[in-house]
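Values in this document were obtained by computation on a predicted structure and should not be read as measured data.
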Amino acid sequence: MLERTTRTLHLMEKDKKTPLDRIVILNKEIAQVAYEILQCRIFPGEASAHMANARLELGDAMVQIEMLCHDLHQQPDEIKKLGITHTFERFQEFEERGWGNER
């Protein structure tokens, strides 16, 4: 039995998406997350069902991001580390510029 990882999913994928295909799918998944969150606000009585759908769509988006890394022959964990480091650096820069200070 194969381990369930994005790497094995990528290997199992029959139609071998291009990076552009993957980005289109990723955009659809992110849009679905936003739509489900909007539905929570419009229909508060159905919020738990819509939030469950949003969580599923968000999970699908995360899988697509990791599979995009594989499409580009990159390791998802390494790319995530780069992103964390870069975001931290930006936050430091924002702090130096007065981020969050009342004016």
Practice task
Compare all side-chain heavy atoms of R7 with those of L11 and state whether any distance is below 4.5 angstrom.
Solution key: yes

Problem - Within one Ile-Leu-Val-Met-Phe-Trp-Tyr cluster: L58 and Y35, side-chain cutoff 4.5 Å - result: no

Problem - Distance (rounded to the nearest 0.5 Å) between L82 CG and D77 CG - result: 11.5 Å

Handout entry: Separation of D60 CG from I65 CD1 (nearest 0.5 Å)
Key = 11.5 Å

Handout entry: W99 and F91 aromatic ring geometry - parallel, tilted or perpendicular at 30°/60° bounds
Key = tilted

Practice task
To the nearest 0.5 angstrom, please state how far the NE2 atom of H70 sits from the OG1 atom of T6.
Solution key: 3.5 Å

Practice task
Check whether any side-chain N or O of T8 sits under 3.5 Å from a backbone N or O of T5 as a donor-acceptor pair, and report yes or no.
Solution key: yes

Problem - Side-chain heavy-atom pair H10, D71 within 4.5 angstrom cut-off - result: yes

Exercise for the section: For residues K28 and E57, determine if any side-chain heavy atom of one lies less than 4.5 Å from a side-chain heavy atom of the other. Expected result: yes

Practice task
Can you run down the salt bridge (charged side-chain N to carboxylate O under 4.0 Å, His left out) pairs that involve residues 30-56, sequence neighbours left out, and say none if there aren't any?
Solution key: none

Practice task
Specify the closest pair of heavy atoms between L72 and P19, including all atoms of both residues, with the distance to one decimal.
Solution key: CD2-CG, 3.7 Å

Practice task
For the residue pair N27 and I30, establish whether any side-chain heavy-atom pair is separated by less than 4.5 Å.
Solution key: no

Exercise for the section: With rounding to the nearest 0.5 Å, note down the distance linking CD1 in I37 to CD in Q32. Expected result: 11.5 Å

Practice task
Hey, could you give me the CD1/CD1 distance between I84 and I79, rounded to the nearest 0.5 Å?
Solution key: 12.0 Å

Handout entry: Carboxylate-amine/guanidinium proximity below 4.0 Å for E78 and K81
Key = yes

Completion exercise
Shortest non-hydrogen pair, C40 vs M51, comes out as SG-N, 3.7 Å

Practice task
Measure across A54 and V33 and return the closest heavy-atom pair with its distance rounded to 0.1 Å.
Solution key: O-CG2, 3.8 Å

